[in-house]
Amino acid sequence: MALLVGAVVLVSLPDSPEVGTVPRTPPEPGLAARVHDFATALRENAPYRPPGDAQREALTGALAQLGRGAGGADAASEVAETREALTPLGFSVDVGVDTRTGRSYAVVASEPNAERGWGLYVVDLSAPTRYAIQVPHPANDLGTDALGVELFRRLPGAVLSVSGTHRRVANGAGDVAHREDSMFSAVAEAHSRAKVPQVQLHGFDDASFPSADVVLSPGATDSLWPASAIADGVDGTGSSGNSREKTGGPELDVCRAWERACGDLEGRRNVQGIAAAREGAPFAHIEVNRTTRDDPERWGELVRVIENTLRER
């Protein structure tokens, strides 16, 4: 089977839960609502067991097949084969057409709060996989699901991975950013073996690190791309048209983890970043504060810069 090829953007939160609630605009019907409903349904008292090797291989193989971008009758056949292979593992497999982009996609999803809470994966069926977008803490890092969907829409050939567990499930066994045995990690490892650039999205509470709106890090990898290019674009120090100063977007303060300490938000122990380092794949760990995640104009600027950075590669 063909390997998935993609890029992943990473955004993270501290271990402590966020406090306070801010009214959010309901997501538009369709893909955004599907992902949002999945993320908000996850509970920390749900049962959970990690997948075995054969189950991990079944999912990664099926996603790779969907990610060929075959189109037409071939895509329909691949969706049918995927459904046959993954239904016994507790996954549903649905297809749709995104109303914003007109592109077809497949959603492979476990049932929220089921023991086999192995995640939700959106694959663009219109083009071969080129980018990987990861949302490891959708129930905790509020709003990162919306950023992930918007990036998926802006990047043809993207795969969006959303964890199927609350991070505190089973005494932390559901924290996929720090568990190599998760289905989420299996998909990320497949991307790393294919040298796919990866972006992982997290969130942090403003008070935990008040000097920055966004923290950029390459995780455990040695290469600074795409993290450095995203940082330059966000705070206006870049020289390309990707820079905020060129577009007039909102000003965001950035902490670059390769230049200074960033409040323990650097993601150096993130297991997807470790896998990317081992395989030589590009990886960006992105932490976004609550103020930015609550403001569509601010997080929209971040998404724009991430999109342009990945497209310019």
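Note that the structure is predicted; figures quoted are calculated from it, not measured. The basis for the numbers below is simple: all heavy atoms, side chains too, and nothing from hydrogens, waters or symmetry mates.
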Flag, side chain of Q272 to backbone of V176, donor-acceptor distance under 3.5 Å: yes
Presence of salt bridge, R100 and E150, under 4.0 angstrom: yes
Separation of N270 CG from R268 CZ (nearest 0.5 Å): 11.0 Å
Nearest-0.5 Å distance that lies between atom CG in L120 and atom CE in M183: 13.0 Å
Closest contact, heavy atoms only, P250 versus E297: CG-O, 3.6 Å
Neighbour count above 12 (heavy atom, 6.0 Å) for E180 CD: no
Pair R49 + E115, salt bridge at N-O below 4.0 Å: yes
N171 atom CG, neighbour heavy-atom count above 12 within 6.0 Å: no
Contact summary for S163 and L42, nearest pair of heavy atoms: O-CD1, 3.7 Å
Gap separating the CD atom of Q134 from the CZ atom of F184, nearest 0.5 angstrom: 4.5 Å
Heavy-atom pair of closest approach, residues R116 and P88: NH1-O, 3.0 Å
Salt-bridge contact R256-D232 (side-chain N to carboxylate O under 4.0 Å): yes
Evaluation steps, side chain to side chain donor-acceptor pair (under 3.5 Å), between T292 and N289: CA-CA 6 Å; T292 299; N289 73 357; 2.7 Å; yes
side-chain contact (heavy atoms from CB on, under 4.5 Å), paired with T82, selected from L63, V93, T87: V93
Exercise: identify the closest heavy-atom pair between P218 and L224: CG-CD2, 4.0 Å
Shortest non-hydrogen separation from Y48 to P50 and the atoms involved: OH-CA, 3.6 Å
Minimal non-hydrogen separation, F209 against L265, with atom names: CB-CD1, 4.0 Å
Test side chain to side chain donor-acceptor pair (under 3.5 Å) applied to Q65 and E81, step by step: CA-CA 9 Å; Q65 184 168 328; E81 291 177 10; 2.6 Å; yes
Path from W258 to V214 over hydrophobic side-chain contacts below 4.5 Å: yes
Trace of the salt bridge (Lys or Arg N to Asp or Glu O under 4.0 Å) decision for E301 with R304: CA-CA 5 Å; E301 174 67 8; R304 182 196 66 79; 2.8 Å; yes
Between CG on residue D94 and CG on residue L31, distance to nearest 0.5 Å: 11.5 Å
Aromatic ring pairing Y105/F152, orientation class (parallel under 30°, perpendicular over 60°, tilted between): perpendicular
CZ-OH distance between R313 and Y131, expressed to the nearest 0.5 angstrom: 11.5 Å
